Every structure is written in C-alpha cells, then in structure tokens.
Q: 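Structure in structure tokens, see below.
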Amino acid sequence: KKHGGKFVLRIEDTDKTREVAGSAEAIRRDLQWAGIPYDEGPGVEGEFGSYVQSQRLHLYHHHADVLLKKSHAYRCFCDEHRLAHLREAHAKKGGMSMYDRFCLSMRPEEVDAKLQQGAPHTIRMKVPNGSTRFDDIVRGRVVFQNNQVDDQILIKSDRFPTYHLASVVDDHLMQISHVIRGEEWLSSTPKHIMLYNFFGWTPPQFAHLPLLLNEDKSKLSKRENHASVDFYKNHGYFPEAVMNFVAFLGWSPGDHREVFSLPELVDAFSLEKVHKAGAVVSKAKLDWFNQQHLRLRAERDIEALVRDVRPMLEAKASQQPFYRLDDDKYVARCLMTIKDRMHRLEDFPVYGAYFFSDPVLTPDRNPFHATMWLPEVAGTIEATIGELEQVGAEAFREAELTAALQRVCKATGEKMGKLYKPLRYLLTGMEIGASIPQTMETLGRSETLKRLKNGVSQLR
C-alpha cells in the first residue's frame, strides 16, 4: 500500500462443488470489519471488472482456445473411472500421481468425432521438457524439473476453469504486479510460469508465505472454527488487534516493536522481512495483542468502550442482580481499573462483576473463602474501617488510601500482604484483581465502607 498499490478483491468461484452460499458477501463484510476495504472489486467497480470469475468464463474459454491452437494444450476425454485407476496404479508403485498423456496421442479426426458426439472432456496444459525457474521474494531462486509437473487440467468438464488458468488470465488482464499466497501453492507456480510463457506474457513477482500452524505444529485448517474471522469477531477481539497479530505470523519489523496500528503496519511491512519457517497461530499471543489494543482504546476513547461493553453487562444482569449499569462514568472508571487484567471486552462482566453486585462471601458459595479470608485479621479490618472513615469522599483517592492502609499496618504491626488478602475478599469476593486502593477508589467511599462492615459482620 505504501508503494501506491491497489487492493483488488476478486471472487474466485469457479469450483461449484465447493461453493458456499453467502461466502462472497461474508468476505466483503469481514474486510470492512478489519478496516481494509478494497479499491476495486464487487460493488466497487474499476476498469478491470467484472471481478467475479463465474462472470468471466468467455475470457478463459478464449485463452484455452489460444493454447489449443498453439499446441500448448490438448483435450482429454478420460473419464473418472480411468483416472481413478491411474491414481491407484501410481499409489501402488509409490510414485507421483501424474496423468499418462493417453489423450495426447489422439488423432485430430478422433478428437473432432468425440466433440461432435458431445463427449465430456477437459482441456489439459502440455508441460514442455526441461526445467522451470523463478525468483520468489521470500524463498529466493526456485527450480522445478518439468518431468515432475503434471499436465494440469485448465478447463473442467463442466466448462469452468481451474484456478490455474483463471488466476493467470485474470492476474495478467488486471495488471496484478505481485502474487502473494501461501506456501502450499509453491508447487503450482511452475505451471503458472509455463502459462505466462505460452501466452508470451511477463509473469508477476511471486511471494510464497509460510504455512500457518497449530500450536502442536500441525497445519492449520481453514475449516477450523478459530480460522474463521467470525470466531474473532464473536469472541471480543478488536479488528486492529487481529490485523496486528496476523501481520506478525511469519513477519517481524526487525526491531523489538510489536504493537502497531494499521497505518504503522502499512509503513513498516515489507515482503523481504517475511520468514520462511511456518508460523504458529498462538491464541495466547493473540490475547496479548488484544490486551495491548484494549489498553490503547481505553486511553483513546473510553466512551466507545462503555458503549461496546454495555450489551455484555446487560446480558450478565439477566443472570444476577446488577446495579449502576446506567452510570456511564462509573462503568468507565471500572473499565479503567481492571483493563490491565482483561484480554477481551467479554472478560469485563466476568472479572468486573463485583463492581455491579455485592460479593458472595459464605464459605459454601465462594471457592476462595478458605485461602482469602483470615479470621485472625478481623480486628485489623475493623481498624482499617476506622481509618478509612477519617478519609473524606473528595480525598478518597488511590494515593490517600494507600497511605491510610500503611498507617493501619504501622499501628497494628500487621504486614500489608496479609491485610490485603481479606480486604480483597470482602470488597470483591475474588482472589485477584486491581490494587486494593484502586479498587476502593473505584467503588467509592460509601460502597467500600458498606462492604467492609457487612463482610466483617457476616464472617466474624
């Protein structure tokens, strides 16, 4: 993008057996959500439309005819039964499954006769002798021996093209400068280079990106739930965090920076810094990226976060009594208090529920009771209540509250760590959370004192 390139969205829908209704619209919707709208494509027509391959069949048929006339392709009438038998024979020998060119030797009159009979057939490319070489931006010089390359089908028996022909024709006609795709397409590239040579066209630059791997190093399947954009949209991930995460799958800027906005990624990215090794898709790393962008959002536009989180709070409130949900300033303070503990927005109603409902403290209903409540410090808690009552509502801030707790510990000889555990339990009913003074400030003077008094009374 920083070099003035245009982003073209092309819908490659020529494999009708795998077509999913609504998938094209889902792609457009996902790109919009991610903040990367395309410059040309369906609905944003440019000079190279149509951008839907099933609407460009005449172009592929024309170019297939060109290859037939130049003897760079031939018609194949082999049915699926014969091809399956051929594959089985190759499998038994342990060799590559390649077409045996049975139909290449057919005489022209035999071909014409079958065409007049309406016999179903495909069109295959005729791979020449020798080798095919090309320079890949990521992998450097790549060489394939042509005797290891199959006579690829270009036009299927249903008259639709395969990816190999359609992508080459469209990339040339749409003046595509760079073909950037996954490593699994590397073995198909010599076929595409041959097609460019057959047509007398200059190939684009190729860059084959590393495979995406599961955390056990197995190949990530695009049919897994976590490979779908909808998974991230529906689980509270921010688009800028997902983009940041995806950019770092097989790429790094060459320094220690990790958190980037989309404009910063555009400026920093280069194909020359893409790695060859497979990239592990780590959910923990994605959560970390989302946490960083959540913090940035909180600092930049806390009001928007309040709006985003409100439906989640309301859903939680349908399960248990919540209060102060209509107080936007209070919700904002709560978000700011625990934002460093959150990875996704949907964590807020879980980790921050105690801001909107009284904590449950009874031993049979709270799993943290045994480790968090220390009966021997009940007297120190009462001394804390007395000290906090001396702090006015206006002064009820983190710094003053920290000082007040330090005074209690000095006067009673209690250690701060031992005091904080039961304080956290009485205030939140939780084992972990934001700092105690920060939690008190967010709850406010009245609510803090109420919870401490009620808690001591209930548990003593």
Side-chain angles (χ1 to χ4, degrees), residues 294-310 313 317 321-342 348-349 351-361 372-373 377-460:
L294 189 155
R295 293 172 180 176
L296 292 173
R297 279 198 176 204
E299 298 294 341
R300 183 177 65 245
D301 192 355
I302 188 63
E303 291 82 6
L305 280 188
V306 170
R307 290 194 298 271
D308 290 342
V309 83
R310 185 169 299 288
L313 288 172
F322 267 21
Y323 48 76
R324 299 188 72 176
L325 291 184
D326 57 348
D327 186 342
D328 284 355
K329 290 184 178 180
Y330 178 66
V331 175
R333 289 203 310 272
C334 298
L335 275 167
M336 293 300 291
T337 300
I338 66 167
K339 69 181 189 317
D340 293 341
R341 302 277 175 177
M342 296 164 51
F348 182 59
Y351 299 139
Y354 58 81
F355 285 120
F356 306 97
S357 63
D358 295 329
V360 176
L361 303 177
M372 295 298 290
W373 173 244
V377 298
T380 308
I381 297 292
E382 290 182 334
T384 301
I385 294 172
E387 186 67 33
L388 293 176
E389 287 181 326
Q390 304 306 309
V391 182
E394 292 299 319
F396 213 78
R397 299 290 181 266
E398 184 176 0
E400 178 55 38
L401 294 171
T402 300
L405 295 177
Q406 289 171 343
R407 290 194 296 271
V408 170
C409 289
K410 184 176 181 179
T412 62
E414 194 66 79
K415 291 183 178 180
M416 189 73 78
K418 194 172 183 180
L419 173 62
Y420 269 25
K421 287 181 69 174
L423 280 178
R424 182 180 303 284
Y425 186 67
L426 296 180
L427 292 171
T428 71
M430 302 289 284
E431 189 176 31
I432 59 174
S435 74
I436 296 301
Q438 192 178 14
T439 301
M440 289 179 172
E441 178 182 345
T442 302
L443 287 170
R445 183 178 186 276
S446 176
E447 184 66 20
T448 294
L449 291 171
K450 184 197 80 172
R451 291 190 182 192
L452 291 178
K453 292 177 180 178
N454 289 346
V456 171
S457 174
Q458 181 180 349
L459 297 177
R460 212 169 175 179

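Only a predicted model underlies this, so the values are computations on that prediction, with no experimental measurement involved.
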Q: In Å and rounded to the nearest 0.5 Å, what is the CG to OG1 distance from L361 to T428?
A: 9.0 Å
Q: Indicate the atoms forming the closest heavy-atom contact of P321 with S357, along with that distance.
A: O-CB, 3.3 Å
Q: Could you report the tightest heavy-atom contact between E414 and T380, atom names first, then the distance?
A: OE1-OG1, 3.6 Å
Q: So, do E398 and T402 sit near enough that their side-chain heavy atoms are less than 4.5 Å apart?
A: yes
Q: At what distance, to the nearest 0.5 angstrom, does CG of D301 lie from CG of D308?
A: 9.0 Å
Q: Can you list the residues that meet the salt bridge (charged side-chain N to carboxylate O under 4.0 Å, His left out) rule with E299, with sequence neighbours excluded?
A: K339
Q: Under the criterion side chain to side chain contact (heavy atoms under 4.5 Å, CB included), which of T448, L401, L405 is the partner of I436?
A: L405
Q: Nearest 0.5 Å, please: how far is CZ in R424 from OH in Y354?
A: 7.0 Å
Q: Determine the interplanar angle of the F355 and Y330 rings, folded into 0 to 90°, and report it as parallel if under 30°, tilted if 30 to 60°, perpendicular if over 60°.
A: perpendicular
Q: Would you say the side chain of L423 lies within less than 4.5 Å of the side chain of M440, judging by non-hydrogen atoms?
A: yes
Q: Can you list the residues that meet the salt bridge (charged side-chain N to carboxylate O under 4.0 Å, His left out) rule with R324, with sequence neighbours excluded?
A: D327
Q: In the structure I gave you, are the side-chain heavy atoms of K410 and R407 within less than 4.5 Å of one another anywhere?
A: no
Q: Hey, are the side chains of P349 and L313 touching, using non-hydrogen atoms and a 4.5 Å cut-off?
A: yes
Q: Should we say atom NZ of K415 is surrounded by more than 12 heavy atoms from elsewhere, each under 6.0 Å from it?
A: no
Q: Return the CD to CG distance between E400 and L388, rounded to the nearest 0.5 Å.
A: 9.5 Å
Q: Looking at every non-hydrogen atom in both residues, tell me the closest pair between G429 and P359 and how far apart they are.
A: N-CB, 3.6 Å
Q: Is it true that a side-chain atom of E387 and a backbone atom of A404 form a donor plus acceptor pair closer than 3.5 Å?
A: no
Q: With the side chain counted from C-beta on, respond yes when I381 and L419 share a heavy-atom pair under 4.5 Å apart, and no when they do not.
A: yes
Q: Looking at CE of M336 and CD1 of I302, how far apart are the two atoms once the value is rounded to the nearest 0.5 Å?
A: 5.5 Å
Q: Between E431 and R341, is there a salt bridge with N-O shorter than 4.0 Å?
A: no
Q: Side-chain contact test, heavy atoms from C-beta onward, threshold under 4.5 Å: evaluate it for Y323 versus D358 and give yes or no.
A: yes
Q: Taking side chain as C-beta onward, heavy atoms only, is L426 less than 4.5 Å from R451?
A: no
Q: Would you name the heavy atoms of F348 and V309 that are closest together and state the gap between them?
A: CD2-CG2, 3.4 Å
Q: Counting C-beta onward and ignoring hydrogens, is there a side-chain heavy-atom pair between E389 and R445 closer than 4.5 Å?
A: yes
Q: Quick one: does any side-chain atom of T412 pair with a main-chain N or O of V408 as donor and acceptor, under 3.5 Å?
A: yes
Q: Might you confirm whether atom CD of Q458 has over 12 heavy atoms from other residues, nucleotides or ligands at distances under 6.0 Å?
A: yes
Q: Check E303 with R307, please: is the shortest side-chain N to carboxylate O separation under 4.0 Å?
A: no
Q: What are the two closest non-hydrogen atoms of V331 and L325, and how far apart are they?
A: CG2-O, 4.0 Å
Q: To the nearest 0.5 Å, what is the distance between CD on Q438 and CG on D340?
A: 8.0 Å
